[in-house]
J.: 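First the structure, which I've put down as structure tokens, then a few questions once you've had a look.
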Amino acid sequence: MSELKVYNSLTRTKEVFTPVTPGYVGMYVCGPTVYSDVHLGNCRTFISFDIIYRYLKYLGYKVRYVRNITDAGHLEGDRDEGDDKFSKKARLEQLEPMEIVQKYTLGFHKVMELFNNLPPTIEPTATGHISEQIEMVKQIIANGYAYIVDGTVYFDVEKYNKEKPYGILTNRKLEDLLEGTRALGGQDEKKGRLDFALWIKAKPEHLMQWPSPWGMGFPGWHIECSAMSGKYLGKQFDIHGGGMDLAATHHTNEIAQSQACYHTSPVNYWLHTNMLTVNGARMSKTAGNGFLPHQLFTGDHPLLDKAYAPMTVRFFMLQTHYRSTLDFSNEALQAAEKGLKRLWEAYENLSSLVYQDIDNAQLDNELEKRCINLVNGFDESMNDDFNTAKVLANMFELAPVINSLKHGQVLLASISKQTLELLQNKFSAYLFDIFGLKNEKENDSALLDGVLQLLIQIRKEAREKKDFTTSDKIRNKLQQQGITLKDEKNGSVSWAID
RNA sequence: GGUCCUGUGGCCGAGUGGCUAGGCAGAGCUCUGCAAAAGCUCCUACAGCGGUUCGAAUCCGCUCGGGACCUCCA
């Protein structure tokens, strides 16, 4: 089998993945800022990394997956004045800041569960790691890369850049960055216009503030990830992930902070997911074009024709590579819904096949070989920077083969028992364990099936008497209720909920 | 302005220089009391113009279009 290769933003190439400690992987993903509902763009990133997490586990790695909850300190805009988002929202909703945090953290977890994302192994909060952040800031000051102005601590970017390339992650030179930076207000305190705050002095009216060696304040925008990844994954760890929008500022500053503190590059592989777009423009909180998950599940949104199930959305996202932009549209979602249905039917057909060793002479070597190649292609594609779309294409190529085996167009003995088992095992592993899909039909109760079996029996008797009026009535009425009856080749009848 | 990404058939989308990805939609056929489902077949595209090459969707250059980041955002 091939080796796992991942696209590393730091080097802008695909590299063979070699963890720091053989057999173990440390992965940090930037989590949500919990002052409002997560939108689908946020969800895309978390789903992408959920797949990556699941695949690493499938490969046999023991993975420590850390995803933070940002619940402190983010300012509105690039200013040293102004409230943090939690205080502002708290005033609007007349709640304690920690009530806001609680509310949206619970909402976030609920959404992650609906999408069937596995929880991270550690989910640390910024407010729970204030002292770690303060210690890190102290160390950066001690190392000479930060300065204090009236209770606020700034990182000295220009000094840092003399030793290490500050813009390494996005391939930018400091001069270019300085040129591109617009003059913003409230920057008089800073020595350099790219300098960013590690610790921010709080005004008396700030609701969230903590004591520090520099007075009452709150942590800067980027230090929490550096402090918490360092604490749980070490000074140098394997994978750091997040949305592409975080690379230029947040991740760039994380690298600088960790270098300045520990004198080591914190992350070996930087993985960035691309944006979800609506009509070609990026979905974002501030642009107001965000879809909330519940709007999608209920269809309650002006741009949506109907409701879509969480698994349809998950599948929709799997059809595109995580580093490509994905455009959100009704047409694309409907296509995904139908495609997923077809895949489930193929999977159900596959699982129902029981091998019968009738005659080995009927083995179709060509078909056998084709099946094996397509199945082995699953791992090959995933090893190529998690190409989920390619895996799905192979599955769809196998679907007609599976369906033919089931419906008798092709004899089951055309493939060997081992190959059938290989298909069954790999489909199951990929659909459930790696892609994290679940069959929403599973909720169907035994009771419903019992009732339908009765109707199917009555219809069968009617058909035997050529009483098609009755038989069609049963089928049509059930269809109106959203239940489809299918007369199979062998005379049995199956049913499905649309 | 700077740093990048991107342009694939009606739509969505994968793509390692040579072997028509795949899905959805559409058309025809087989099966069937009729449907549905399933199977088979058809629809062979790579923004434009040059270049490299025996051979380019894939590499290079230019032109045009779209997008992201440089300011909180996954």
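We name chains A, B, ... by the order of the sequence lines, and we start the count at 1 in each one.
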J.: Give a yes/no on whether any side-chain N or O of A/Asn403 is located under 4.0 angstrom from OP1 or OP2 of B/A38.
T.: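 No, A/Asn403 has no side-chain N/O under 4.0 Å of OP1/OP2 on B/A38.
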J.: Assign each of A/Ala393 and A/Thr469 to its nearest nucleotide of RNA chain B by heavy atoms, then name whichever residue's nucleotide is nearer the 5' end.
T.: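 Result of the comparison: A/Ala393.
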J.: Over all strands shown, is A/Phe396 touching base, sugar-phosphate only, or nothing at heavy-atom distances under 4.0 angstrom?
T.: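 Result for A/Phe396 = sugar-phosphate.
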J.: Could you check whether A/Asn387 gets within reach of a base, just the sugar-phosphate, or nothing at all, counting any heavy atom under 4.0 Å?
T.: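 If one applies the 4.0 Å heavy-atom cut-off, A/Asn387 turns out to touch the sugar-phosphate alone, with no base involved.
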J.: Remember a base hit wins even if backbone is also touched, and classify A/Glu345 as base, sugar-phosphate or nothing at under 4.0 Å, heavy atoms.
T.: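 Touches sugar-phosphate only.
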J.: Only counting residues at least two apart or in another chain, list the ones meeting ring-ring contact (aromatic ring centres under 6.0 Å, His included) with A/Tyr104.
T.: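 With neighbours one apart ignored, the set is empty.
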J.: To the nearest angstrom, how far is A/Phe46 atom CZ from B/C73 atom P?
T.: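 Computing the A/Phe46:CZ to B/C73:P distance gives 12 Å.
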J.: Once you apply a heavy-atom cut-off of 4.0 Å, does A/Arg12 come out as touching a base, just sugar-phosphate, or nothing?
T.: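 The answer is nothing, as A/Arg12 stays clear of every strand by at least 4.0 Å.
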J.: Can you tell me the distance, in whole Å, between the CG atom of A/Asn289 and the P atom of B/G67?
T.: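 After rounding, the reported distance stands at 13 Å.
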J.: Listed by chain and number, what are the side-chain hydrogen bond (donor to acceptor under 3.5 Å, both in side chains) partners of A/Thr45, not counting sequence neighbours?
T.: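 A/Thr45: side-chain hydrogen bond (donor to acceptor under 3.5 Å, both in side chains) contacts with A/Thr273.
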J.: Can you list every stem that RNA chain B is part of, counting only runs of 3 or more consecutive Watson-Crick or G-U wobble pairs with both distances under 3.5 Å?
T.: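 Stems (3+ consecutive pairs) listed as B:1-7 with B:64-70, B:10-12 with B:22-24, B:26-30 with B:38-42, B:47-51 with B:59-63.
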J.: Are OP1 or OP2 of B/A38 and a side-chain N or O of A/Lys406 less than 4.0 angstrom apart?
T.: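 Negative; the distance criterion is not met.
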J.: Measure CD/A/Gln409 against C1'/B/C31 and give the value in whole Å, please.
T.: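 Going from A/Gln409 (CD) to B/C31 (C1'), I get 8 Å.
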J.: Does A/His39 reach a base, just sugar-phosphate, or nothing at all? Heavy atoms under 4.0 Å.
T.: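 Base: the residue A/His39, judged by heavy atoms under 4.0 Å, touches a nucleobase.
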J.: Between the side-chain atoms of A/Arg342 and the base atoms of B/C24, is any donor-acceptor pair under 3.5 Å?
T.: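 Donor-acceptor pair under 3.5 Å: no.
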J.: Quick one: label A/Asp384 by what it contacts on the DNA or RNA (base, sugar-phosphate, nothing), any heavy atom closer than 4.0 Å.
T.: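 Counting heavy atoms under 4.0 Å across all strands, no contact is made by A/Asp384.
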J.: Identify whether any heavy atom of A/Arg323 sits under 4.0 Å from a base atom; if not, whether one sits that close to sugar-phosphate; answer base, sugar-phosphate or nothing.
T.: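 Contact class for A/Arg323: none.
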J.: Heavy atoms under 4.0 Å, any strand shown: does A/Thr249 hit a base, just sugar-phosphate, or nothing?
T.: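 Counting heavy atoms under 4.0 Å across all strands, the contact made by A/Thr249 is with sugar-phosphate only.
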J.: For the atom pair CD1 (A/Ile239) and CG (A/Leu271), what is the distance rounded to the nearest 0.5 Å?
T.: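 So the gap between those two atoms works out to 5.5 Å.
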J.: At under 4.0 Å, does any side-chain N or O of A/Ser324 touch on OP1 or OP2 of B/A14?
T.: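 So the side-chain polar atoms of A/Ser324 do come within 4.0 Å of the phosphate oxygens OP1 or OP2 of B/A14, strictly under.
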J.: Would you mind classifying the nucleic acid contact of A/Leu343 as base, sugar-phosphate or nothing, using non-hydrogen atoms under 4.0 angstrom?
T.: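 The residue A/Leu343 makes no contact with any strand.
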J.: Report the distance from atom CG of A/Leu326 to atom P of B/A74, rounded to the nearest whole Å.
T.: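 The distance from CG of A/Leu326 to P of B/A74 comes to 17 Å, rounded to the nearest Å.
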J.: So, for A/Phe291 and A/His39, is the gap between ring centers shorter than 6.0 Å?
T.: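 Aromatic pair excluded; centres sit 6.0 Å or further apart.
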J.: Describe the nucleic acid contact of A/Met395 in one word from base, sugar-phosphate, nothing, applying a heavy-atom distance below 4.0 Å.
T.: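 Nothing, no heavy atom under 4.0 Å.
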J.: Which part of the nucleic acid, if any, lies within reach of A/Lys486 when heavy atoms closer than 4.0 Å are counted: base, sugar-phosphate only, or nothing?
T.: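 Contact class for A/Lys486: base.
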J.: Pick base, sugar-phosphate or nothing for A/Met244, based on heavy-atom distances below 4.0 Å to the nucleic acid.
T.: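 No contact at all - A/Met244 keeps every heavy atom at 4.0 Å or more from the nucleic acid.
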J.: What is the separation between atom CG on A/Asp467 and atom P on B/G33, rounded to the nearest whole Å?
T.: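 To the nearest whole Å, that distance equals 16 Å.
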J.: Run the side-chain hydrogen bond (donor to acceptor under 3.5 Å, both in side chains) test against A/Ser229 and tell me which residues pass, sequence neighbours left out.
T.: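 Per chain and number, A/Ser229 pairs via side-chain hydrogen bond (donor to acceptor under 3.5 Å, both in side chains) with no residue.
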J.: Tell me the salt bridge (charged side-chain N to carboxylate O under 4.0 Å, His left out) pairs involving residues 307-317 of chain A, sequence neighbours left out?
T.: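 Counting only pairs at least two positions apart or across chains, the salt bridge (charged side-chain N to carboxylate O under 4.0 Å, His left out) contacts touching residues 307-317 of chain A are A/Asp50-A/Arg314.
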J.: In whole Å, what separates the C1' atom of B/G2 from that of B/G17?
T.: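 So the two C1' atoms sit 33 Å from each other.
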J.: Using the C1' atoms only, state how far B/U6 lies from B/A57, rounded to an integer number of Å.
T.: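 Each nucleotide's C1' atom is 14 Å from the other's.
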J.: Answer with base, sugar-phosphate or nothing: what part of the nucleic acid does A/Ser284 contact at a heavy-atom distance below 4.0 Å?
T.: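 A/Ser284: base contact, heavy atoms under 4.0 Å.
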J.: Using atom C1' of each nucleotide, how far apart are B/A45 and B/C11 to the nearest Å?
T.: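 Rounded to whole Å, the distance is 13 Å.
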J.: Has A/Thr277 got a side-chain N or O lying under 4.0 Å from the OP1 or OP2 atom of B/G67?
T.: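 It does not, given that no N or O in the side chain of A/Thr277 lies less than 4.0 Å from OP1 or OP2 of B/G67.
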J.: Could you measure between the two C1' atoms, the one in B/G18 and the one in B/C12, and give it in whole Å?
T.: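 28 Å, rounded to whole Å.
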J.: Salt-bridged, A/Glu345 to A/Lys486, with N to O below 4.0 Å?
T.: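 Salt bridge flag = yes for A/Lys486 with A/Glu345.
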J.: Say we look at B/G51 and B/G55: how far apart would their P atoms be, to the nearest angstrom?
T.: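 Going atom to atom, P in each nucleotide, I get 12 Å.
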J.: Which residues pass the side-chain hydrogen bond (donor to acceptor under 3.5 Å, both in side chains) test with A/Thr312, not counting sequence neighbours?
T.: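 Partners of A/Thr312 under the side-chain hydrogen bond (donor to acceptor under 3.5 Å, both in side chains) test: none.
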J.: Quick test of your reading of the model: are A/Arg459 and A/Glu464 salt-bridged, counting only N-O distances below 4.0 Å?
T.: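 Not counted as a salt bridge, because no side-chain N and carboxylate O are separated by less than 4.0 Å.
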J.: Expressed in whole Å, how much space separates the P atoms belonging to B/A21 and B/G10?
T.: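 Here B/A21 and B/G10 have their P atoms 16 Å from each other.
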J.: So, OP1 or OP2 of B/A35: does either fall under 4.0 Å of a side-chain N or O from A/Arg463?
T.: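 False: A/Arg463 side-chain N/O out of range (4.0 Å or more) of B/A35 OP1/OP2.
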J.: With rounding to whole Å, what would you report as the distance between B/G50 and B/C43 at their C1' atoms?
T.: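 Approximately 32 Å lies between the C1' atom of B/G50 and that of B/C43.
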J.: Can you tell me the distance, in whole Å, between the CG atom of A/Leu292 and the P atom of B/A74?
T.: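 My rounded result for the distance is 13 Å.
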J.: Hey, are the side chains of A/Tyr308 and A/Asn330 touching, using non-hydrogen atoms and a 4.5 Å cut-off?
T.: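 A side-chain contact exists here, since the closest heavy-atom pair is under 4.5 Å.
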J.: Does A/Gly41 reach a base, just sugar-phosphate, or nothing at all? Heavy atoms under 4.0 Å.
T.: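 Since a base atom lies under 4.0 Å of A/Gly41, the category is base.
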J.: Tell me: CD of A/Gln319 to P of B/A21, nearest whole Å?
T.: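 A/Gln319 atom CD is separated from B/A21 atom P by 17 Å.
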J.: Say we look at B/C19 and B/G1: how far apart would their P atoms be, to the nearest angstrom?
T.: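 Rounded to whole Å, the distance is 40 Å.
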